Amino acid sequence: MKLYNYELSGNCYKLRLLMSFLGVDYETEAIDFYPGQKHKSPDFRQINPLGQLPAIEDNGLVLRDAQAILVYIASKYDADGTWYPAQDPALLGQVMQWLAFADGITATASAARLHDGLYYSHIDVEAARKGAHTLFRILDEHLFFAEDAGQAWICPSDQPTIADIACFPYIMLSEEGGINRMDYPAIRRWCDRFKRIPGFIVMPGIFPAGPAFEKPAA
Amino acid sequence: MLCNDRILLDDWHVVADLDHLSKGGIEKTVLFEQPITVTRSDTGVIACSDTTGPLPCQVKYGFVWICPGTPGRDIVHIPEAFDEDRYVISGGSFGVQVSGLRVVENFLDMGHFPFVHAGWLGEEPHTEVRPYQVEVTRDDEILATECYFHQPVASPTAKGGIEVQYTYRVYRSYSVALYKTNPLFDDRMDYIVLFIQPVGPEKCVVHSMLCYMKREMTRARLRWFMQLIFAQDKPILENQIPRRLPLDPRAETPIRADKAAIVYRRWLREHNVHYGATVA
């Protein structure tokens, strides 16, 4: 598989994360997203006419859109079927609901980060930050009650799903867009759990979890 | 606080990267808290203005430069940018919520490599910064030499860990550069220059110029690597407190590895640079 990649893109990172969790081998082609704008070039539009990253090529199949590619990779390469629980309609519905929610995080938290860091001066950064806070509040409440019910992940499964992957990057990078996570303790605890999933990798701007507290042996 | 430092006002500052400013494009930016507009006409002519009218500007090294005061000296001369066997490209302009002086100091620091750039520019437990030399040259630049560090991935062309030699060079308060070993050459080093645009005393845009040997390198890989490394620094920079660089020698406790930073702070004091600093 080939990933058309930009290192600082949270959406590309979603795919790098899932492939690392699943141990899938892939190659990357670095696309000069910034400042080169090569994702808008005629050559790249042959791969994705929308001129957006990420995109993949796998055995002749070309796919775009981070969430769609998460579905594809999990369906194809996760033998246990936990990341994309296709056999459980109620759970699957919730996974899709939070995938759509993740697009909202991209439209707000990621937009604010592009504004502050990468010169996207046309973005209304105050509106983007406000929108992100609205979504973070909703997710924080959701995770608070989920934890209360003994659930560690966004969806009610013992295992994390692609919904967790889809929401993680732009939440974790939010401070680069001036969006503080101080007021979202349940989100912060969930981020910490996420970083401890075996196979977790970082991207620039995201650091590994600190050493875990070891419970003394009983 | 607007800028009152003549040494900064009467100098040239980068305000745009031509690779990001397309023909017919317009870019709005800020220098010393003053809004600046940079335009590039359909035929490629660059013009800059602030709220009072047109400003003198120059294009050099692929960047647009302006001088908000009366130019006391020319843009710094960098011969490496004219070498035929190097790619000379921008690494992208990144907004950072911290004083540009903090960025310079972080750039001069080897001690953070194993922690902030783990697996790339350093790795634990190899954390020791060996003694190195620092001097202020006759041209009034700061030069740090005999800097060595073991790096797992020193460059996109590295094929394993190597011992890297660095030379650091502070051209001006907000311009800093480094030479580092190229993994494929014994006698040629890669060169990175940061031109830092002071947006405010606690906010800057970091423009980088990469002068890298072409052998086995591509422009896309070069930008990829520079941005990977710089984006690892960014959250660390933005969490420094205070956001301005303290010039009082007692304000922060340096260690031996901070020798270059100590000289830099003293040099800023001697040149009466206040913008982006806290002064004793």
Side-chain angles (χ1 to χ4, degrees), chain A residues 3-10 12-13 16 20 27-41 43-44 53 111-123 125 129 169 172-182 191 200-211, chain B residues 15-22 25-30 35-38 62-63 89-98 115-120 124 156 197 199 203-208 210 217-239:
Chain A
L3 168 64
Y4 295 94
N5 186 46
Y6 179 57
E7 201 62 36
L8 307 191
S9 156
C12 293
Y13 175 52
R16 302 197 299 265
S20 177
E27 57 178 303
T28 57
E29 182 174 329
I31 302 295
D32 178 7
F33 175 91
Y34 177 81
Q37 298 265 310
K38 288 291 188 286
H39 59 302
K40 302 289 185 196
S41 69
D43 279 355
F44 190 74
L53 290 172
R113 172 174 174 258
L114 290 174
H115 175 276
D116 282 11
L118 263 60
Y119 257 75
Y120 280 60
S121 46
H122 58 281
I123 286 171
V125 70
R129 288 187 190 127
M172 208 64 227
L173 295 165
S174 70
E175 283 173 349
E176 292 188 8
I179 301 156
N180 194 298
R181 293 187 299 279
M182 192 91 83
C191 287
F200 175 77
I201 50 169
V202 295
M203 71 167 272
I206 296 180
F207 290 86
Chain B
V15 290
D17 171 2
L18 278 186
D19 270 3
H20 192 242
L21 182 62
S22 51
I26 178 165
E27 200 156 280
K28 291 187 183 299
T29 187
V30 175
I36 305 287
T37 303
V38 186
F63 297 96
I89 61 171
S90 71
S93 308
F94 289 86
V96 186
Q97 309 288 326
V98 77
F115 308 104
V116 177
H117 308 295
W120 300 93
E124 292 184 79
Q197 172 186 344
V199 171
K203 197 172 175 179
C204 65
V205 174
V206 179
H207 307 273
S208 60
L210 313 173
M217 183 64 87
T218 66
R219 289 163 184 272
R221 294 285 290 171
L222 182 48
R223 272 189 176 152
W224 162 79
F225 190 73
M226 178 65 194
Q227 296 189 7
L228 167 85
I229 298 300
F230 187 72
Q232 291 172 340
D233 284 311
K234 189 172 141 80
I236 304 296
L237 287 164
E238 293 184 330
N239 280 290

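All figures in this text were calculated on a predicted structure; none of them were measured in a lab. Quick note on labels: first sequence line is chain A, next is B, and so on, each numbered from 1.
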Q: What option among Ser121(A), Pro35(A), Gly36(A) has the most heavy-atom pairs under 4.5 Å with chain B?
A: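 The answer is Pro35(A).
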Q: Would you mind checking which part of Phe33(A) comes under 4.5 Å of any heavy atom in chain B, side chain (CB onward), backbone (N, CA, C, O), both or neither?
A: neither
Q: Please tell me whether Asp32(A) and His39(A) have a donor and an acceptor in their side chains that are separated by less than 3.5 angstrom.
A: no
Q: Counting heavy-atom pairs under 4.5 Å to chain A, which of Gly92(B), Ser93(B), Gly91(B) comes out on top?
A: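 Answer, by heavy-atom pair count under 4.5 Å with chain A: Ser93(B).
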Q: Non-hydrogen atoms of chain A under 4.5 Å away: do they reach the side chain of Ile236(B), the backbone, both or neither?
A: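 It is the side chain, since no backbone atom gets that close.
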Q: Could you check whether Arg129(A) pairs with Asp116(A) (Lys NZ or Arg NE/NH1/NH2 to Asp/Glu carboxylate O, under 4.0 Å)?
A: yes
Q: Between Arg223(B) and Asp19(B), does any side-chain N to carboxylate O distance fall below 4.0 Å?
A: yes
Q: Does any heavy atom of chain A fall under 4.5 Å from the side chain of Val205(B), the backbone, both, or neither of them?
A: side chain
Q: Is Lys234(B) salt-bridged to Glu175(A), going by a charged N under 4.0 Å from an acidic O?
A: no
Q: Between Ser174(A) and Arg181(A), does any side-chain donor sit less than 3.5 Å from a side-chain acceptor?
A: yes
Q: Please state whether the side chain, the backbone, both or neither of Ser22(B) comes within less than 4.5 Å of a heavy atom of chain A.
A: neither
